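What you see is a predicted model; the values in this text were computed from it and never measured. Protein chains get the first letters and strands the later ones, always in sequence-line order, with residue 1 at the start of each.
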Amino acid sequence: MTIFQPVRGTHDYLEADVRAYQKIVRTALHVAENYGYQEIMTPLFEQAQVFSRSLGDMSDVISKEMYVFEDKGGDLLALRPEGTAGVARAFVSNGLTQSLPQKFFYAGPMFRYERPQKGRQRQFHQFGVEFMGVFSPLADAEAIALGAHILKELGLDKSITLKLNTLGDLESRTAYQTALINYFKKYSSDLSPESQIRLEKNPLRILDSKDPGDQALVQNAPDRDSFLTSEAQDFFANVRKALESLNIPYEIDPYLVRGLDYYSHTAFEFSSSALGAQAAVLGGGRYNGLVEQLGGPPTACVGWGAGIERMMLLLEKCIPLPPHVTIISVSQEQELLALNLAQQARAKGLSVWLDFQVSMAKHMKKASKMKTPFVWIIGEEEATSGTVTCRNMQKGTQEVLSIDRAMAYVLRDHK
RNA sequence: GCGGGUGUAGCUCAGUUGGUUAGAGCGCGAGGUUGUGGUUCUUGAGGUCGCCGGUUCGAUCCCGGUCACUCGCCCCA
C-alpha cells in the first residue's frame, strides 16, 4: 500500500499545535470582541475576480500564487489567498453598506501557491479585523492598538516591534509613484533584475529592496513627504498623535510598503526578528478604495491580517490541562459503575479521564503521566459499599471515601 | 519561479574511508508472584538508511533524477 504524504506546504496539526492555534485564535477573538468586533465567516473560495479585482492583477499573489480552478459549472473560482477581499465582498453582498460602521473579525485558512519555508506554507492560517465605514485617524490608531493588545495578551509583545508609514492618499501616491519612476528610470541599468521588473509593476516596492545596490539608489530617491497632500500629512500626524497618547511605541519606516493594491494612507507591520525572512507577524493598513472596486459605495476602511503559524513559532509550548480525576476499575465488573460515576462527576463540572484498559498498573501509569491529581479506584469492596478509594497522586496517600465525600474532596481542591 | 543545505527507528541523533546480523538516548510493550504510578532492574518490539534509476562482484554510503523539509532571493501574514 502506498502511504500518502500530505500535500506540499500543508501540515497536520497534532495536539500541541492545535492547543497553540486555539489559544491564539481564542485570545484574539476575545480581545477583538472587547473592541466591538463581531466574528464573520466567509467561504474559503470565491469568484476569482473578487481577489484579482481587489488585490490588483499585477500583484504576485494574484498572478503567481493563487489557487485558481474552474468548477463543474464553468465558473472561475479561487481559494482565498487572504481575508480582506472576502469580507469586503460579504459586506457589499449583504447590504451592510447601509448600516455603518461595521467591525469584523475573521480567522481561518488561506491558500497561496508558494515555495514553503519556515513560517510560510501553502495552506496557512490568519486572523484579522476590518473596521469599515469610518475615515478617521483614530480608527487607524484603534485598529493598531487592538493588534498590539492581542500580541501583548499572548505574551509576544517583547520580541515584536511596530513599523509605521503612510502611503498617502491616491493623489499623493500617484504623484510620488510618477516621481519614483522618473528617478529610477535614469538608473534602470544599475537596478537589480528584480527591481527592474518592479519599476514596471510596482515602483514603490523598490524602496524596500534588500539588494545593496538598490538600497544605495534608494538613499537619493525623491522624498515621500514632499509628495504628500496636506490632508494626507494631517491624517498621518493624527494617527501618530493618537498612538503616542495610547503609549504604543512605533518606529517610522518610510520604506515600508504594502504589496497589495488596495492600500492607501496608513501602512503598518508588527514584525519579529526571531522569524528569519518571514518576519511580519501582523500587518495591514487603510484601504479606502477596495469596497468600491467590489461594486459597493466608496467606503473608508482600515484593517489588518495576522499570521497564526508565525505566532505559533513564537509561542512557547502549551501544556495540556490534566483531568481533575482518573477513575480506575479493578476488574471488568466495575467498569459500568465507573462510567456512571464519571458522568456524575462531569455533571458537577469535573473533568474525568476514563479509559478501558486491562491492567491496573497501566491505568496508574497513564494517570501519573497525565499528572491527574486524584485517582478513584473502584474494586469489589468499594462497589458493594458505595465508596471509592481516593488516591492523592502528589502525596501518595489514599483513603476510602463515600462517593459524595470523594466528589467534595476533589471539588474543594479545585475551587 | 531561482540558488544553497539536509533526509538513518514514533522523537533527537550517531555510524559505515562501498562488504555479510545498521546503533544509542528518549518514547512504546512485557516482566520483577495475581488491587497501585512517578525511581530502579531485566527484557521485547520497531528501520526496504526519503523514493527511483545509474556505476560496481556488491550501495544506506559514490553519481544522476525526484519528493519533502530547511536557509536565502522573490513575495507576503
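- For the P atoms, the distance from B:U33 to B:C52 is 49 Å, rounded to whole Å.
- Partner assigned to B:A59 is none, using Watson-Crick or G-U wobble distances below 3.5 angstrom.
- In this model, no side-chain donor or acceptor of A:R120 finds a partner on the base of B:A77 within 3.5 Å.
- Residue A:F124 places its side chain closer to B:A77 than to any other of B:G1, B:G37, B:A77.
- When each of B:C73, B:A30, B:G37 is scored by its nearest atom to the side-chain atoms of A:K362, the top-ranked nucleotide is B:A30.
- Taking every side-chain heavy atom of A:R198 into account, B:C74 is the closest of B:G35, B:C74, B:G37.
- Each of A:G119 and A:E380 has a nearest nucleotide on RNA chain B; the 5'-most of these lies closest to A:E380.
- Contacts of A:Q334 with the nucleic acid, taken as non-hydrogen atoms under 4.0 Å apart, are absent.
- Comparing B:G47 with B:A9, their P atoms are spaced 10 Å from each other, to the whole Å.
- The CZ-C1' distance, from A:F51 to B:C76, rounds to 16 Å in whole Å.
- Contact annotation: A:K210 reaches the phosphate of B:C73 (side-chain N/O to OP1 or OP2, under 4.0 Å).
- Atom-to-atom, NZ of A:K118 to C1' of B:A77 comes out at 16 Å; the value is rounded to the nearest Å.
- Two residues are said to be in side-chain contact when any heavy atoms from C-beta on lie closer than 4.5 Å; A:Y35 and A:V129 fail this criterion.
- Both distances falling under 3.5 Å, in either a Watson-Crick or a G-U wobble arrangement, place B:G29 opposite B:U43.
- B:U36: no Watson-Crick or G-U partner with both key distances under 3.5 Å is found in any strand.
- Separating the CZ atom of A:R115 from the P atom of B:C67 is a distance of 10 Å, rounded to the nearest angstrom.
- Ion pair A:E142/A:K103 flagged as a salt bridge, since at least one NZ, NE, NH1 or NH2 atom sits closer than 4.0 Å to an Asp/Glu carboxylate oxygen.
- Here the side chains of A:I252 and A:R240 are in contact, with some heavy-atom distance below 4.5 Å.
- Looking only at side-chain heavy atoms (C-beta outward), A:M110 and A:P81 stay at 4.5 Å or farther from each other.
- The six-membered or imidazole ring of A:F374 lies near that of A:Y409, with a centre-to-centre distance under 6.0 Å.
- For A:Q398, taking side-chain heavy atoms from C-beta onward, the closest of the listed nucleotides B:U36, B:C73, B:C69 is B:U36.
- Here, B:U43 and B:G25 have their P atoms 12 Å apart, quoted to the whole Å.
- Separating the OH atom of A:Y67 from the C1' atom of B:C76 is a distance of 15 Å, rounded to the nearest angstrom.
- At the heavy-atom level, A:G396 lies under 4.0 Å from base atoms of the strands shown.
- Residues from residues 6-18 of chain A placing a heavy atom under 4.0 Å of any atom in RNA chain B, listed by number, are A:R8, A:G9.
- Counting only heavy atoms from C-beta on, A:V330 has its side chain closest to B:G35 among B:G37, B:G35, B:C73.
- In the set B:G37, B:C74, B:G35, B:G35 carries the atom at the smallest distance from any side-chain atom of A:M360.
- The side chain of A:K365 places no N or O atom within less than 4.0 Å of a non-bridging phosphate oxygen (OP1 or OP2) of B:U36.
- Aromatic rings from A:Y176 and A:F227 are positioned such that their centres are separated by under 6.0 Å.
- When rounded to the nearest whole Å, the span between NZ of A:K366 and C1' of B:G29 equals 15 Å.
- The partner of B:G72 is B:C2, by the rule that a Watson-Crick or G-U pair needs both atom distances under 3.5 Å.
- The residue among A:Q394 and A:E65 whose nearest nucleotide of RNA chain B is located toward the 5' end is A:Q394.
- Listed nucleotides: B:C75, B:U70, B:U36. Nearest to the side chain of A:M364: B:U36.
- In this structure, B:U12 and B:A24 make a Watson-Crick or G-U wobble pair, each of the two defining distances being under 3.5 angstrom.
- Taking atom P on both nucleotides, B:C73 is separated from B:U20 by 45 Å, rounded to a whole Å.
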